[in-house]
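Just so we're on the same page: letters track the sequence lines, and every chain starts at 1. A quick note: this is a predicted structure, and the numbers were derived from the prediction, not measured.
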2 protein chains.
Amino acid sequence: QKLGESVQQLLLAKIAVYLMTFLIVTVAWAAHVRLFQVIELIDDVLALLNLACMMIITFLPYTFSLMASFPDVPFGIFLFSICAVVIGLIQAVIVAYGFYHPHLLNQQIQVSENQNFYKHHILKIILRGPVLCFLAAIFSFFFIPLSYVLLGLVIVFPHLTRFITWCKTKIVGQRDEEEHGSLETFTFYLSEPLSKERVEAFSDGVYAIVATLLILDICEDNVPDPREVEEKFHGSLLEALSEYGPNYLAYFGSFVTIGLLWFVHHSLFLYVTKATRLMGLLNILSLAFIGGLPLAYQLTSEFAEKSHNEIEAIQVSCVITFFASIFQFAIWTTALLHERETLHPFARYGGKEHAFMFAKLALYPCVSLGAFFLTCLLSEFSTEIFHLMQIVIPFAFLALRIFVRISLTVIKSVMSLSRRKVVLLEEEEACLSPSET
Amino acid sequence: QKLGESVQQLLLAKIAVYLMTFLIVTVAWAAHVRLFQVIELIDDVLALLNLACMMIITFLPYTFSLMASFPDVPFGIFLFSICAVVIGLIQAVIVAYGFYHPHLLNQQIQVSENQNFYKHHILKIILRGPVLCFLAAIFSFFFIPLSYVLLGLVIVFPHLTRFITWCKTKIVGQRDEEEHGSLETFTFYLSEPLSKERVEAFSDGVYAIVATLLILDICEDNVPDPREVEEKFHGSLLEALSEYGPNYLAYFGSFVTIGLLWFVHHSLFLYVTKATRLMGLLNILSLAFIGGLPLAYQLTSEFAEKSHNEIEAIQVSCVITFFASIFQFAIWTTALLHERETLHPFARYGGKEHAFMFAKLALYPCVSLGAFFLTCLLSEFSTEIFHLMQIVIPFAFLALRIFVRISLTVIKSVMSLSRRKVVLLEEEEACLSPSET
C-alpha cells in the first residue's frame with residue numbers, strides 16, 4: 001500500500017511538472033508571437049537565428065523528462081531554466097538585429113519617432129520570463145522549491161501585472177489609462193491580446209502533433225517480432241495481430257477523441273472574432289489536457305493484458321477528456337461575457353447557431369462525466385461503457401444539428417403554447433372584468 | 001558473411017518499401033489537394049468526413065511497419081492497400097456530398113453548365129489510385145510481386161498519362177489540345193500543377209514532424225533510470241548524463257541539418273512563382289530523404305558504444321543528406337528551364353540573387369559528398385570529420401552572402417580585365433592596320 005501511495009505521489013509530481021513546463025513553453029511561444037508582430041520581414045540572419053531558437057525549444061521535452069524522472073536533483077531544473085534563458089537571449093538578439101535594420105520592422109514602428117522606447121518595451125516583455133528562469137537556475141542548487149516557485153511565477157506574471165493595473169485603475173481611477181493614451185499605436189501591438197490566427201495555428205499544431213504521436217506508440221509496441229510469429233503462431237501473422245485487437249480499438253478511439261475535440265475547437269474559433277487574454281489562457285489549459293491524451297491511449301490500450309486496473313485507466317481517460325473539453329466550454333462562456341467584441345454576430349446569444357454551438361461544446365463534458373460515473377456504478381461493464389461512448393460520439397456529432405433543431409422547435413412550441421395560454425388567460429380576465437377598465 | 005548479406009538485403013527491401021509507401025501517401029495528398037480545389041466551403045459533415053480520412057492516413061505508418069517487417073506475408077500489403085482504398089472511397093463521398101450541395105463548390109464550377117462532367121472527371125482522378133490499390137489487395141494473396149508492381153503503378157500513373165499525351169501531341173500534332181480548349185476553366189483547376197502554397201505547407205509539415213521525431217528518440221533512450229544512477233554513478237546525475245555526450249552532439253547535428261535544409265527549401269520557394277509537376281515530384285523525392293534523417297540520427301548517436309561500424313553510420317548519413325539536398329538542387333535547375341513561368345524575375349539567370357541561390361543550394365551536396373569521400377580516405381578520423389562538418393555548416397550559411405559577393409567581384413574584375421585586354425588588343429590591331437579599313 002505504501003508503494004502504491006509513493007507511485008501516486010510520483011505520478012502527481014510528474015503531472016505538475018508537465019503542466020508547469022507546458023505553460024512555460026506557451027509563455028515562450030507568446031513572446032515569439034509578440035516578436036514577429038514587431039518584426040515583419042525576415043532576412044537570412046533572422047531565419048537562422050529563429051532556427052537556433054527552435055532547436056533549443058525542441059530540446060525542452062528532454063529537460064522535462066529529466067525533471068520528471070529526478071524531481072529532487074537540481075540538474076534537470078537547471079538545464080530547463082538555462083534552455084529558457086538561451087531562448088530569451090536569442091529572441092533578444094533577434095529584436096536587436098531587427099531594430100538595427102529598421103526596414104525589417106513593422107510599418108507603424110518604422111515611421112514612429114520613439115523607436116528606442118518600443119525597443120526597450122519589447123525587450124522587457126521578452127526578457128521578463130528568462131530573468132526569472134535565470135534566478136530559478138541559480139536557486140536550483142540551493143533550494144529547489146524556490147526554483148519551482150520562480151518558474152511558476154513566469155506563468156502567472158503577465159496575468160498578475162494585468163490584474164494589478166486593473167486593480168489600480170479601479171482604486172485610483174482612470175488616471176493610468178490617460179497616461180497610456182499617448183502610446184495608442186504602440187499598445188495596439190504589444191499589450192493587445194494575441195492575434196486570433198496565431199492562436200489557431202498553435203492549437204492546430206498541438207492537435208496535429210498529438211494525433212501523430214498516437215501512431216508512433218502503436219508502431220513501436222504492436223508490430224510483432226518475426227521470430228515470435230514463427231515460433232508462437234506457426235507463421236500466421238493474422239493470429240499474432242489478433243492479440244492486439246484492443247490496441248487498435250484504443251487507437252481509433254483516441255484518434256476520434258482528438259479529432260472531434262479539434263473539430264469543436266475549430267467550430268468555436270470560426271465564430272470568435274478576437275481572442276482576449278483570458279480566452280488565450282483557457283485555450284492553453286485545454287491544450288495542456290489534449291497533450292495528455294496519448295497517455296490516455298497508452299492506459300486504455302493495455303486492456304489486452306486484462307490488468308485489474310482497467311477502471312482506473314478508463315477514469316483517467318474520462319478525466320483528461322473532461323478537462324480538455326470543459327476548458328473549451330469555458331472559452332465560449334468567457335467570449336459570451338463580452339460578446340459584442342469577441343463573437344461573430346451570427347453566434348451571439350439567442351440565435352439558432354448559439355444553441356447549436358452550446359450543444360457541440362456541452363457534448364464531450366457531459367459524455368465524459370457520464371462515463372466516469374457510470375464506470376463507478378457499473379464497474380463490471382466499464383470497458384464496454386467506454387468503447388460504446390467512443391463509438392457513439394461521432395454519430396452524436398453528425399446528428400447534433402437535427403437534434404438541436406428538434407429540441408428548439410419543441411421549446412418554441414412549448415413557449416408559444418404557454419404564451420397562448422397567457423394570452424387566453426389575459427383575454428378571459430379582460431372578458432370577466434370589462435367594467436374595471 | 002552470409003548473415004551480413006541477408007541483413008543488407010532486408011535493409012534494402014525496407015528502404016524500397018519506405019520510398020514506395022511515402023510516394024503513395026503523397027499521391028493521396030495530391031488527390032486531397034485537388035479535392036479541396038473543387039470544394040471551397042466546408043460544413044460540419046465534410047469536416048467530419050475529412051477527419052475520418054485523416055484517421056486512416058495516420059494509420060498507414062503501422063501498415064508500413066507490418067510490410068517492412070514481413071515483406072513475404074500478404075497481410076501487410078493487403079492492409080495497406082485496403083487503407084488506401086478506404087481513403088479513396090471517403091474522398092469520393094466528399095466529392096459526391098459537395099456536388100449534392102453545390103453552394104460548397106468552387107465558384108467557377110458552381111456557375112458552369114456541365115457540372116456533371118466535372119464531377120466525373122474529379123472522381124476519375126481521385127479513384128484512379130484506389131482502384132489500382134484494390135487490385136493490389138486482391139493479388140497480394142496470389143502473387144505478391146504483382147501487388148508491388150500495381151502499387152508502383154499508382155505512383156507513376158499520373159506522370160505516365162501526362163507523358164503519353166505529350167508523346168501523342170508530338171506525333172499527331174496539336175489536335176488533342178484543341179479538343180481540350182473548350183474546357184479551359186476546367187483544366188485550369190484540375191490538370192494544372194498543384195498550388196505552390198499547398199506544396200510549401202506540405203513540405204513545412206514534413207520538416208517540422210521530422211525535427212520533432214528527433215527529440216522523441218532522445219527522450220526515450222537517453223533519460224537514465226533512477227535506480228541505475230543510484231547504483232552505478234553513486235547518485236550523480238551529471239556523471240550519468242555525461243555518458244550520453246555523443247547522443248546530444250548527434251541530436252544537435254541532425255537538428256541543424258534538418259533546419260538548414262528547410263532554410264534552403266524555404267529560400268528556394270520564395271523565388272518560385274509556380275510549381276510544375278516535375279518540380280513537385282522532385283520536391284517529394286527530396287522530402288522522402290528528409291524523412292530518412294531520424295535514421296541518420298539514430299545511427300550517428302550510437303558512437304557512444306564505440307561500435308566498429310562508425311564509418312558506415314557516417315556514410316549512410318552523408319548519402320541521405322546528399323540525396324535530400326541534390327533533389328532540392330534539381331528543383332532549382334528544373335525551374336531554370338522554364339524560368340519565365342516558374343521563377344521570380346529577381347532570381348533569374350544572371351542576377352546576383354541567382355548566384356547566391358546557386359551557392360546556397362550547392363553547399364549541402366558539396367559538403368556531404370566531400371565528407372563521404374574524406375571518410376573513405378581518412379577512415380581513422382571519420383567521427384571528427386563528420387562533427388566538424390556539422391559545426392562548420394551553419395557558419396558557412398551565415399558567411400555565404402559575403403563569400404558570394406567577394407567571388408562575384410573577383411569574377412567581375414577578372415572579366416573586366418580580360419575584356420580590357422581584348423579592347424586593348426583590338427585597339428592595337430586597329431592601330432597596326434589602319435590602312436585595311
Side-chain angles (χ1 to χ4, degrees), chain A residues 43-45 47-48 50-52 54-55 57-62 64-66 68-70 73-76 79 205 208-209 211-216 218-220 222-226 229 235-238 240-241 248 251-252 255-256 258-260 262-263 266-267 356 360 394 397-398 400-401, chain B residues 42-45 47-48 50-52 54-55 57-62 64-66 68-70 73-76 79 205 208-209 211-216 218-220 222-226 229 235-238 241 248 251-252 255-256 258-260 262-263 266-267 356 360 394 397-398 400-401:
Chain A
D43 67 357
D44 283 5
V45 176
L48 291 174
N50 187 46
L51 270 179
M54 289 298 120
M55 184 165 76
I57 284 177
T58 59
F59 195 66
L60 284 179
Y62 180 68
F64 159 68
S65 294
L66 283 182
S69 302
F70 303 90
V73 178
F75 189 69
L79 203 63
I209 285 188
T212 318
L213 286 184
L214 289 181
I215 198 64
L216 289 178
I218 213 174
C219 280
E220 203 153 291
N222 301 328
V223 176
D225 187 55
V229 170
S236 165
L237 181 62
L238 208 63
L241 290 179
Y248 303 137
Y251 170 72
F252 286 113
F255 190 96
V256 163
I258 294 170
L260 290 178
W262 170 81
F263 172 65
H266 178 78
S267 311
F356 187 49
K360 251 187 194 172
F397 270 103
L398 272 177
L400 205 58
R401 197 169 272 276
Chain B
I42 292 176
D43 68 357
D44 284 5
V45 176
L48 292 174
N50 187 47
L51 270 179
M54 290 297 120
M55 184 165 75
I57 284 177
T58 59
F59 195 66
L60 284 180
Y62 180 68
F64 158 69
S65 295
L66 283 182
S69 303
F70 303 90
V73 179
F75 189 70
L79 203 63
I209 284 187
T212 318
L213 287 184
L214 289 181
I215 198 62
L216 289 178
I218 213 173
C219 280
E220 200 152 294
N222 301 329
V223 176
D225 187 54
V229 171
S236 164
L237 181 61
L238 208 62
L241 289 180
Y248 303 138
Y251 171 72
F252 286 113
F255 190 95
V256 164
I258 293 169
L260 291 177
W262 170 82
F263 172 65
H266 178 78
S267 313
F356 187 50
K360 251 187 195 172
F397 269 102
L398 273 177
L400 204 59
R401 198 169 272 274

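Between chain B and the options A:Ala208, A:Pro394, A:Gly259, heavy-atom pairs under 4.5 Å are most frequent for A:Gly259. Options B:Pro61, B:Ala52, B:Ala211, B:Ser267 differ in how many heavy-atom pairs under 4.5 Å they form with chain A, and the most are formed by B:Pro61.
For the ring pair (Phe, Tyr, Trp, His ring centres under 6.0 Å) with A:Tyr62, the qualifying choice from B:Tyr251, B:Tyr248, B:Phe255 is B:Tyr248, the only one to do so.
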inquiry  = Would A:Phe397 and B:Asp44 count as a side-chain contact (heavy atoms from CB on, under 4.5 Å) here? Give the steps.
reply    = CA-CA 9 Å; A:Phe397 270 103; B:Asp44 284 5; over 6 Å; no

task = Report the C-alpha distance between B:Ile42 and B:Asn50 in whole Å, list the side-chain angles of each, state the deciding distance to 0.1 Å, and finish with yes or no for side-chain contact (heavy atoms from CB on, under 4.5 Å).
result = CA-CA 10 Å; B:Ile42 292 176; B:Asn50 187 47; over 6 Å; no

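A:Leu213 touches chain B through its side chain: at least one heavy atom from C-beta onward sits under 4.5 Å away, while N, CA, C and O do not.
Between B:Phe252 and A:Phe59, the two ring planes are tilted [angle within 30° to 60°].
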